[in-house]
Asks: 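Questions regarding the structure given below will be posed in turn.
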Amino acid sequence: MKKETEDKFGKAAADTAKSGDVGRRNGADETPGRRRFLQASLLGGAAVAAGPVLQPVFGASRGNSAAAEVPAFELDEITIGELQDGMKSGKYSAHAITEKYLARIAAIDKSGPSVNSVIETNPDALEIAEALDKERKEKGPRGPLHGIPVLIKDNIATADRMHTTAGSLALVGSKPPRDAFIAQKLRDAGAVILGKTNLSEWANIRSNHSISGWSGRGGQTKNPYALDRNPCGSSSGTGAGISSNFAAIGIGTETDGSIVCPSSANGLAGIKPTVGLVSRSRIIPISHTQDTAGPMCRTVRDAAILLGAIAGGDVDDKATVASDGKFFKDYTQFLNADGLKGARIGVLRKAFGFNPAVDKLMEAALDAMKKQGATLVDPVEFETYGKFGETEFLGFMYELKADLNAYLAWLGPNTPVKTLKDIIEFNDKNAEKEMPYFGQENFVKAEEKGPLTTKEYVEAIAKNHQLAGKEGIDKTMDKHRLDAIVAPTGGPAWLTDIVNGDSFGGGSSEFAAVAGYPNINVTAGFDFGLPVGISFFGRAWSEPVLIKLAYAFEQATKFRKAPRFLAHVEA
């Protein structure tokens, strides 16, 4: 659920627009940008690990870049619609589809290239799929997700035989008494919860020096495009897993950047919804003012289908009261290949300039939008840019303590740790397994904070919403009469580095995240074979508009391509 942005322009060559891959930088500076403390605390096994699974991590690219031997996969890049057509015709069954994905996980995630994105598979998945096949035969399908396997992040509670740990050994053995609201929504829609995905432990809030995609329980997740590269966090496992075709669709969570960044780094369409559109109840929290779950899929259409299944009010999440009359059960109605025609889109130039290769891809993306009939307002500016980073982090520290303690209290006797203080003590006692690479200084800071009635906290949250929302996105969109704002989501995946931690080059997630507004990532091209995404964001509850624009861009460019599981990038 957390953050990977930095505040930080070139015309694209014709072949860039055609291929979407900029190739060599022609001497451009590749030095990683300055890491801010918020960047480093990013958001985000077939059997449960008894201890940390310390998968190999990398500090340099060297040797042969040849792809790992990966067998052909019948369901490679398949969509929800194609799976439903197959089940309707009798070509597939939910049981057979589930079986194929489980075999794929065993062959590619746990062996071969060992992407290590799935922390645990559901031991009841085949039985659930079989029951759904029987139901389809007797009553027909419940809807578009009937029999569709989905991977969900390991901070989303499930009251089944799987664990819910946020990647921490401290929560191994905890047993949620109820499903998270969205987990129940997925079951109600007929989806097969195939397993839980690895993540940056505690959604990357534990330390400012963390390694995205690493958890004490799950080890290190790799980027399937180049295995020594980072999948971005904290929804790293969902990003890498869905891109690797380990399930049809996936769910991630975000506090600031942790849906859109791993979607960018893994070539996915990711939707970070308006806070309150999707329930957060019984999801291990960081910040109730910014946390949200959302779809991470290989196509915008699949993401729209999944969003319709999980959106809606929940009595246990007060923020969802505001969604009444503003959510839709079917977001596919907004898919329009001509959706860019007549749209007014602002270009946030201040988020450019951190990487010349990314700038070339963004110029090609902007050209594609203009060719599709969009009017670009270039540039647009936020007067409040860079004015709320410290108060965002301050809010996290207060809310982390209060919200996590509330979650642990809900678990009751079903967890070995009862408070944030207990978790800190557990980590200290198990430092060799839990803190081999980075510490827990943010946990310690959060534990020192007072209640949510503290004046410092109340003023910080009010300032954040004012500067990011009303005086940021809203004011800029009103001034220029915009439908959306676009900016690079981030740069190409960095090398996973256990010594120095994460190396974010730049990004644009903070305004939508802090305001609680929606943000959609779509692949905008490739650099050295690594995906780079563009973000479409805008006002609260503007998912229909953003989905229309993102889908039109996706259909006009069709940059998504499956990973090759290279050892490292090809020069």
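We number each residue from 1, following the sequence as shown. Excluded from the calculations below are hydrogen atoms, water molecules and symmetry mates; all remaining heavy atoms, backbone and side chain alike, are included.
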Asks: Using every non-hydrogen atom in the two residues, find where Pro224 and Ser244 come nearest and quote the distance to one decimal.
Replies: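 Here Pro224 and Ser244 meet closest at CB-OG, 3.3 Å.
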Asks: Within the 3.5 Å criterion, strictly below it, is a donor on Ser207 or Asn442 matched to an acceptor on the partner's side chain?
Replies: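 Per modelled atom types, Ser207 and Asn442 side chains form no pair under 3.5 Å.
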Asks: Begin with the C-alpha distance, continue with both residues' side-chain angles, and end with the deciding distance and a verdict on ring-ring contact (aromatic ring centres under 6.0 Å, His included) for Phe537 and Phe511.
Replies: CA-CA 9 Å; Phe537 58 97; Phe511 269 85; 7.7 Å; no
Asks: I'd like to know if the side chain of Asp291 reaches the main chain of Ile286, judged simply by a donor and an acceptor atom lying under 3.5 Å from each other, with no hydrogens or angles considered.
Replies: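 Yes, the answer is positive, given that a donor and an acceptor are paired below the 3.5 Å cut-off.
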Asks: For a quick check under 3.5 Å, do Thr299 and Glu554 share a side-chain donor-acceptor pair by atom type?
Replies: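 Checked: Thr299/Glu554 side chains show no N/O donor-acceptor pair below 3.5 Å.
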Asks: Under 4.5 Å between any side-chain heavy atoms of Asn266 and Pro231, yes or no?
Replies: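 SC-SC contact between Asn266 and Pro231 confirmed.
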Asks: Has Lys445 got a side-chain atom pairing as donor or acceptor with Leu394's backbone, closer than 3.5 angstrom?
Replies: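 Checking the backbone N and O of Leu394 against the side chain of Lys445, no donor-acceptor pair under 3.5 Å is found.
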Asks: Answer yes if the ring centres of Phe246 and Phe73 are under 6.0 angstrom apart, and no otherwise.
Replies: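 Centroid distance Phe246-Phe73: not below 6.0 Å, so no.
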Asks: Does a side-chain N-to-carboxylate-O contact under 4.0 Å join Glu471 and Lys387?
Replies: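 Judged by the 4.0 Å cut-off on N to carboxylate O distance, Glu471 and Lys387 do not form a salt bridge.
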Asks: Do Arg280 and Ser287 have side-chain N/O donor and acceptor atoms under 3.5 Å apart?
Replies: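 Side-chain D/A pair, Arg280 to Ser287: absent.
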Asks: Indicate yes or no for a side-chain donor-acceptor contact from Asp359 to the backbone of Gly353 under 3.5 Å, with no hydrogens or angles considered.
Replies: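 Looks like yes, one N/O pair under 3.5 Å.
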Asks: Looking only at the side chains, is there a donor atom on one of Ser236 and Ser212 sitting less than 3.5 Å from an acceptor on the other?
Replies: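 The criterion, which ignores hydrogens and geometry beyond distance, is not satisfied for Ser212 and Ser236.
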Asks: Hey, does Val522 have a side-chain heavy atom less than 4.5 Å from the side chain of Phe559?
Replies: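 Side chain of Phe559 against side chain of Val522, heavy atoms only: no contact under 4.5 Å found.
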Asks: Might you work through the side chain to side chain donor-acceptor pair (under 3.5 Å) test for Glu392 and Gln290, ending with a clear yes or no?
Replies: CA-CA 10 Å; Glu392 180 186 17; Gln290 291 185 209; 3.1 Å; yes
Asks: Which heavy atom in Cys297 sits nearest to a heavy atom in Leu306, and how many Å separate them?
Replies: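 Looking at all heavy atoms of both residues, the shortest contact is SG-CD2, 4.0 Å.
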Asks: Would Glu363 and Arg349 count as a salt bridge (Lys or Arg N to Asp or Glu O under 4.0 Å) if you check the C-alpha gap in whole Å, the side-chain angles of each, and the deciding distance to 0.1 Å?
Replies: CA-CA 11 Å; Glu363 293 303 327; Arg349 284 285 173 183; 2.6 Å; yes
Asks: Looking at side-chain heavy atoms only, is the closest gap between Tyr385 and Glu510 below 4.5 Å?
Replies: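 The answer is yes; the side chains approach within 4.5 Å.
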Asks: Evaluate side chain to side chain contact (heavy atoms under 4.5 Å, CB included) for Tyr517 paired with Ile485, printing each intermediate quantity in order.
Replies: CA-CA 12 Å; Tyr517 291 0; Ile485 298 168; over 6 Å; no
Asks: Should Asp478 and Arg539 be marked as a side chain to side chain contact (heavy atoms under 4.5 Å, CB included) after you check the CA-CA gap, both sets of side-chain angles, and the distance that decides it?
Replies: CA-CA 10 Å; Asp478 288 343; Arg539 307 175 188 275; 2.7 Å; yes
Asks: So, are Lys272 and Asp256 salt-bridged, with charged N and O less than 4.0 Å apart?
Replies: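 The answer is no: the pair does not qualify as a salt bridge.
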Asks: Measuring from atom CZ of Phe536 to atom CG of Asn519, what distance do you get when rounded to the nearest 0.5 angstrom?
Replies: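 Interatomic distance, Phe536 CZ to Asn519 CG, rounded to 0.5 Å: 10.5 Å.
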Asks: Do the side chains of Leu467 and Glu383 get nearer than 4.5 Å, heavy atoms only?
Replies: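 Answer no - side chains too far apart.
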Asks: Please check if the number of heavy atoms outside Glu441 that lie under 6.0 Å from its CD is greater than 12.
Replies: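 Yes, because the 6.0 Å sphere around CD of Glu441 holds more than 12 heavy atoms from other groups.
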Asks: Using the rule given for salt bridge (Lys or Arg N to Asp or Glu O under 4.0 Å), can you reason through Arg217 versus Asp154, listing the C-alpha separation, both sets of side-chain angles and the distance that settles it, and then say yes or no?
Replies: CA-CA 10 Å; Arg217 180 183 171 213; Asp154 183 42; 3.1 Å; yes
Asks: Going through the checks in order, is the side chain to side chain donor-acceptor pair (under 3.5 Å) test met by Asp302 and Thr79?
Replies: CA-CA 7 Å; Asp302 281 357; Thr79 65; 4.9 Å; no
Asks: Ignoring hydrogens and geometry, is there a side-chain-to-backbone donor-acceptor pair from Thr523 to Gly525 under 3.5 Å?
Replies: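 Not confirmed, Thr523 side chain does not pair with Gly525 backbone.
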Asks: Could you walk me through whether Asp76 and Arg104 satisfy the side chain to side chain contact (heavy atoms under 4.5 Å, CB included) test, starting with their C-alpha distance in whole Å, then the side-chain angles of each, then the deciding distance to 0.1 Å, before giving a yes or no?
Replies: CA-CA 10 Å; Asp76 201 42; Arg104 171 79 166 180; 4.0 Å; yes
Asks: Determine the minimum heavy-atom distance between Ala265 and Cys232, stating which atoms define it.
Replies: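 Of all heavy-atom pairs spanning Ala265 and Cys232, the closest is CB-CB, 4.0 Å.
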Asks: As an exercise, state the distance from CG of Asp483 to CZ of Arg344, rounded to the nearest 0.5 Å.
Replies: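 Between Asp483 CG and Arg344 CZ, I get 8.5 Å after rounding to 0.5 Å.
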Asks: State, without any angle test, whether Asn155 and Thr253 hold a side-chain donor-acceptor pair at a distance under 3.5 Å.
Replies: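 Judged by distance alone, the side chains do pair up.
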Asks: Output yes when a side-chain donor or acceptor of Asp502 lies under 3.5 Å from a complementary backbone atom of Phe504, and no otherwise.
Replies: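 Not at all, since once roles are kept as given, no pair shorter than 3.5 Å links the two residues.
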Asks: For the residue pair Val358 and Pro492, establish whether any side-chain heavy-atom pair is separated by less than 4.5 Å.
Replies: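 Yes, side chains in contact.
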Asks: Got a donor-acceptor contact below 3.5 angstrom from the Thr476 side chain to the Gly472 backbone?
Replies: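 Side chain of Thr476 to backbone of Gly472: a pair is present.
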Asks: Evaluate whether atom CD of Gln466 has more than 12 neighbouring non-hydrogen atoms of other residues, nucleotides or ligands under 6.0 angstrom away.
Replies: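 Buried by this count: over 12 neighbours within 6.0 Å.
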Asks: Main chain of Val532, side chain of Ser264: is a donor-acceptor contact present, judged purely on distance under 3.5 Å?
Replies: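 Side chain of Ser264 to backbone of Val532: no pair is present.
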Asks: Do we see a donor-acceptor contact under 3.5 Å between the side chains of Gln440 and Glu434?
Replies: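 Gln440 vs Glu434: no donor-acceptor pair found between side chains.
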Asks: Would you name the heavy atoms of Ile310 and Gly294 that are closest together and state the gap between them?
Replies: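 Closest approach of Ile310 to Gly294: CD1-CA, 4.4 Å.
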Asks: Atom NZ of Lys196 and atom OG1 of Thr238: how far apart are they, to the nearest 0.5 Å?
Replies: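 Interatomic distance, Lys196 NZ to Thr238 OG1, rounded to 0.5 Å: 11.0 Å.
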Asks: Which heavy atom of Ala240 sits nearest to which heavy atom of Lys222, and what is that distance?
Replies: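 Residues Ala240 and Lys222, closest heavy atoms: CB-O, 3.5 Å.
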Asks: Do Val300 and Leu335 touch side chain to side chain, with heavy atoms closer than 4.5 Å?
Replies: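 Yes - at least one pair of side-chain heavy atoms lies under 4.5 Å apart.
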Asks: Say you draw a straight line from CD1 of Ile345 to CE of Met369; how long is it, rounded to the nearest 0.5 Å?
Replies: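 Answer for the CD1-CE pair, Ile345 versus Met369, is 5.5 Å.
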Asks: Taking atom CG of Leu340 and atom CG of Leu549, what is their separation to the nearest 0.5 Å?
Replies: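 Here the interatomic distance stands at 5.5 Å.
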Asks: Examine distances only and state if a side-chain atom of Thr489 and a backbone atom of Ser535 form a donor-acceptor pair shorter than 3.5 Å.
Replies: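 Yes; judged by distance alone, with no hydrogens or angles, the pair exists.
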Asks: Fit a plane to each ring of Phe438 and Trp214, take the angle between them on a 0 to 90° scale, and name the class: parallel (under 30°), tilted (30 to 60°) or perpendicular (over 60°).
Replies: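 Judged by the thresholds at 30° and 60°, the geometry between Phe438 and Trp214 is perpendicular.
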Asks: When rounded to the nearest 0.5 angstrom, what distance separates OG in Ser508 from CZ in Phe382?
Replies: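 Reported to 0.5 Å precision, the distance equals 9.0 Å.
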Asks: Using side-chain heavy atoms (C-beta onward) and a distance below 4.5 Å, is Ile547 in contact with Ile520?
Replies: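 A side-chain contact under 4.5 Å exists here.
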Asks: Any side-chain heavy atom of Val347 within less than 4.5 Å of one from Pro379?
Replies: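 Side-chain contact under 4.5 Å: no.
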Asks: In terms of side-chain heavy atoms, does Ser235 have a donor or acceptor partner in Lys153 at a distance below 3.5 Å?
Replies: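 Short answer, yes.
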Asks: Please answer whether the main-chain N or O of Gly237 pairs with a side-chain N or O of Thr197 as donor and acceptor at a distance below 3.5 Å.
Replies: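 A pair under 3.5 Å: no.
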Asks: Without hydrogens or angle criteria, can the side chains of Gln372 and Asp338 be said to hold a donor-acceptor pair below 3.5 Å?
Replies: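 Side-chain D/A pair, Gln372 to Asp338: absent.
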Asks: Quick one, Asp497 with Ile211, criterion side chain to side chain contact (heavy atoms under 4.5 Å, CB included). Give me CA distance, side-chain angles, the key distance, then yes/no.
Replies: CA-CA 7 Å; Asp497 185 350; Ile211 304 163; over 6 Å; no
Asks: Asn198 and Thr221: which non-hydrogen atoms are nearest, and at how many Å?
Replies: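 Residues Asn198 and Thr221, closest heavy atoms: ND2-OG1, 3.1 Å.
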Asks: Report yes or no: does Asn204 contribute a side-chain atom to a donor-acceptor pair with the main-chain N or O of Gly233 at less than 3.5 Å?
Replies: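 No, because the side chain of Asn204 does not come within donor-acceptor range (under 3.5 Å) of the backbone of Gly233.
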